[in-house]
Protein chains: 2
Amino acid sequence: MTTIYDIAKKTGYSITTVSKVLNDYPNVSEKAKAKVLAAVEELGYTPNSSARTLATNKSWMIGVVFAEHLGVGMAHPFFSEVIESFKKHVELYNYDLLFVSRKMGLKEETYRHLKHRGVDGVVVVQSLGDDALDFTEFNMPTVFIDMPEKGAHAVYSDNKQGSTLAVDYLYGLGHRKIAHITGAQTMYTAVERAKGFELAMEKHNLSIPSKYIVDGGYYSYEGGREAMFRLLSLTDRPTAVFVSGDEMALGAIKVIKEAGLRVPEDISVIGFDDIPLAKHVDPPLTTVKQDKELIGHQSAALLLDEINELGKNRNGKVIPVQLIKRQSCMSVDHMW
Amino acid sequence: MTTIYDIAKKTGYSITTVSKVLNDYPNVSEKAKAKVLAAVEELGYTPNSSARTLATNKSWMIGVVFAEHLGVGMAHPFFSEVIESFKKHVELYNYDLLFVSRKMGLKEETYRHLKHRGVDGVVVVQSLGDDALDFTEFNMPTVFIDMPEKGAHAVYSDNKQGSTLAVDYLYGLGHRKIAHITGAQTMYTAVERAKGFELAMEKHNLSIPSKYIVDGGYYSYEGGREAMFRLLSLTDRPTAVFVSGDEMALGAIKVIKEAGLRVPEDISVIGFDDIPLAKHVDPPLTTVKQDKELIGHQSAALLLDEINELGKNRNGKVIPVQLIKRQSCMSVDHMW
DNA sequence: GCTCCTATCGAAAACGCTTTCGTTTTAAGT
DNA sequence: ACTTAAAACGAAAGCGTTTTCGATAGGAGC
């Protein structure tokens, strides 16, 4: 490996001077600059980031703590898009992303590991509330995605508002018997969406039979299937169902079709997330779109500010959602 | 930050001894071990990985070079699954993954950056052949995914065989007029699949009208749409089309439906990849499945071996593919 | 020619750890 | 009690940088 010493020897300057030209210090002559740069090029020198980090206490790495419950890891349809957006943004400022292995349930381990690596900041993407790292003793710039955390930066969608959008839309279409397939109530997003659903229903003076609210688990396709199955077995079936996640919605639609019914002619379905496949399925899924791009961007901006100690007050930043009307919902007037 | 010196001071031992217990050296007394470990716990000491890397010349990081052409980055439906599998495997050996920002087209930059970071190995996941890093002067353990590279480890699917499987199946169903929507011929996988298609057709003594082979670009949904559009405009339409990628296949199916035709009743479609949504679309997509799990696992194993200098002969490792029969294909006898 | 700046440079310490190799301590053997 | 081997320990060098602060050189001003 070629080091700063090799450059020094070759140019006749000291390592101090070499280091200075490499770091754009002002007081170094043009002549020295030229000679050093030439030598760097000729020897194919590359600075050693470990040494630099050791000396400066700055690693230019951002740790990514990734924990989801579908078990698909970074292939997660929603999180992966958010992280990609996050990555694109921090890259502009020369940060690399370090995916640390998170042994689920061992928060202490993860915490130490991040310290060990000396990352400049951390972004944690995870759904479960109770499983969260204990942030308070985690003295490091951090931003949470998809979940608020007291005293910490966090970026997440306006989940309640999303539910309102969905219910209002369904109501406008003439639906009165609206069911809700929720996510597991251990997840912040799932609770919020459920709350929003109830609030919106209340607003329209619609009652919610207890059987109309069914837990679909961790946003999985299978969970959606099972939940919808139960809904279909009801004597007084809903005419529309608002599902807390797109994957679950797809599972639900599948079950409806298998039962010989049609979407939206027999039952309207509306999802949440707007994952990439949503527009490709049949029928194209009407859903509440989360702005993954913005979420990633905002969380990156917040984290960068915090790293550079421009951190303002730390709290949650909620991102607006949007109703994407496709073809899985239908006015009751046209149903058969 | 608490260092090894703090532990030394607290326990009365030298930093050498502390370091030794931390690294499980044999010749250190039980007593010393106990005292040091206790102090570590009490002071909440975490070793500094930069210092360690500097001293040992081993970073325990694996660089990930990720370049795809859908523009979705790590949200790529196929690559993300492969990388996830790769990650799961290397994690077992305590490696973390470093995603370096790859400025497309600046291979030299990427190369330097990886050196700079001192990663122990590199996994490059990218489709384009001509854009590949110049591996020869890249003196570092490396494994390529989805594309062979002379003199380097590489793991990829048996693309030709996949095409054979598809064509044989279609042939068995009675189809004779089979078209192929290819991927851009700058990509290794696309070329192989196209070759395989021609070979298989030849085997069955089937001629391929030149209009039956149409380029769908970089495996995108839109590309599939356009390609299928051209196919539909033909006077002598194919009864089946083998599409080089699932996303493209979905686009193709969409166009077929829009034209008032049905899949598979009017046209059979078969894809390649078996992305997660393949089973959820309507009709469920018959496709050639790539074993993402195995690809990730194998490439991890190869890279780890290379890092530990157990590297055998470096060359491509081809992973078998499998035909997943779902419902987008139909026997000609039942077509209308 | 002398003083005093300013511009340029370099010696050396520091960052936190590993590892070699010599020294000391302990235990075993007689 | 003495020798010897083995076990336990530590001094110091080294890994490749950055950064402080003092030294030197050259020129301007008189």
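We name chains A, B, ... by the order of the sequence lines, and we start the count at 1 in each one. Nothing here was measured: the structure is a model prediction, and the numbers come from that model.
Checking C:dC17, D:dT17, C:dT18 against the side-chain heavy atoms of B:Tyr5 singles out C:dC17 as nearest. Comparing C:dG10, C:dG16, D:dC9 by their nearest atom to the side chain of A:Lys20 picks out C:dG10. Relative to the side chain of A:Ile15, the nucleotides C:dG16, C:dT19, D:dT17 differ in distance, and D:dT17 lies closest. For B:Arg52, whose side chain is taken as the heavy atoms from C-beta onward, the closest listed nucleotide among C:dT18, C:dC9, D:dT18 is C:dT18. Listed candidates were D:dC9, D:dG16, C:dC9. Nearest to the side chain of B:Thr17 is D:dC9. Of all nucleotides listed (C:dC21, C:dC15, D:dT17), D:dT17 comes nearest to the side chain of A:Ala51. For B:Ser14, the listed nucleotide lying nearest its side chain is D:dA11; candidates were C:dC9, C:dT19, D:dA11. Ranking C:dG16, D:dG16, C:dG10 by closeness to the B:Ala55 side chain, first place goes to C:dG16.
Residue-level contact check: B:Ser19 touches the bases, meaning some heavy atom is under 4.0 Å from a base atom. Here A:Gly118 lies out of heavy-atom contact (under 4.0 Å) with every strand.
For A:Thr16 against C:dA11, a side-chain-to-base donor-acceptor contact under 3.5 Å is present.
Under the 30°/60° scheme for interplanar angles, the aromatic rings of B:Tyr95 and B:Trp60 are found to be tilted. Between A:Phe78 and A:His76, the angle of the ring planes goes over 60°, which puts this pair in the perpendicular group of the 30/60° scheme. Taking the six-membered ring where tryptophan is involved, the planes of A:Tyr188 and A:Tyr156 are perpendicular, since the angle between them exceeds 60° and thus also 30°.
B:Glu30 has its CD atom 14 Å from the P atom of C:dA27, to the nearest Å. What separates NZ of B:Lys31 from C1' of D:dC9 is a distance of 12 Å, to the nearest Å. If you take CD1 of A:Ile4 and P of C:dA11, they are 14 Å apart, rounded to a whole angstrom. Rounded to whole angstrom, the span from the CG atom of B:Asn23 across to the C1' atom of C:dT20 amounts to 15 Å. We find that CG of B:Asn57 is positioned 14 Å from C1' of C:dT19, with the value rounded to whole Å. One interatomic measurement links the two molecules: CG of B:Leu54 to P of C:dT18, which rounds to 11 Å at whole-angstrom precision. As rounded to whole Å, 13 Å separates atom C1' of C:dA14 from atom CG of B:Asn48. Rounded to whole angstrom, the span from the CZ atom of B:Arg117 across to the P atom of D:dT17 amounts to 14 Å.
Across residues 33-46 of chain A, A:Tyr45, A:Thr46 each have a non-hydrogen atom less than 4.0 Å from an atom of DNA chain D (numbered order).
Considering B:Lys292, B:Glu192, B:Gln290 in turn, B:Gln290 is the only one that fulfils the side chain to side chain donor-acceptor pair (under 3.5 Å) rule with B:Ser157.
Judged by distance alone, with hydrogens and angles left aside, the side-chain atoms of B:Thr142 form a donor-acceptor pair with the main-chain N or O of B:Met140 at under 3.5 Å.
Residues A:Asp6 and A:Lys10 form no side-chain contact, since every pair of their non-hydrogen atoms from C-beta on lies 4.5 Å or further apart. Side-chain contact between A:Lys58 and A:Ile307: present, with at least one pair of heavy atoms (C-beta onward) separated by less than 4.5 Å.
No more than 12 heavy-atom neighbours from other residues, nucleotides or ligands sit within 6.0 angstrom of CG on A:Asn57.
Residue A:Tyr13 places at least one side-chain N or O closer than 4.0 Å to OP1 or OP2 of C:dC9. Dashed line: the shortest gap from a side-chain N or O of B:Tyr25 to OP1 or OP2 of C:dT19 is under 4.0 Å.
Both A:Thr3 and A:Asn27 lie close to DNA chain D; mapped to their nearest nucleotides by heavy-atom distance, the more 5′-ward contact belongs to A:Thr3.
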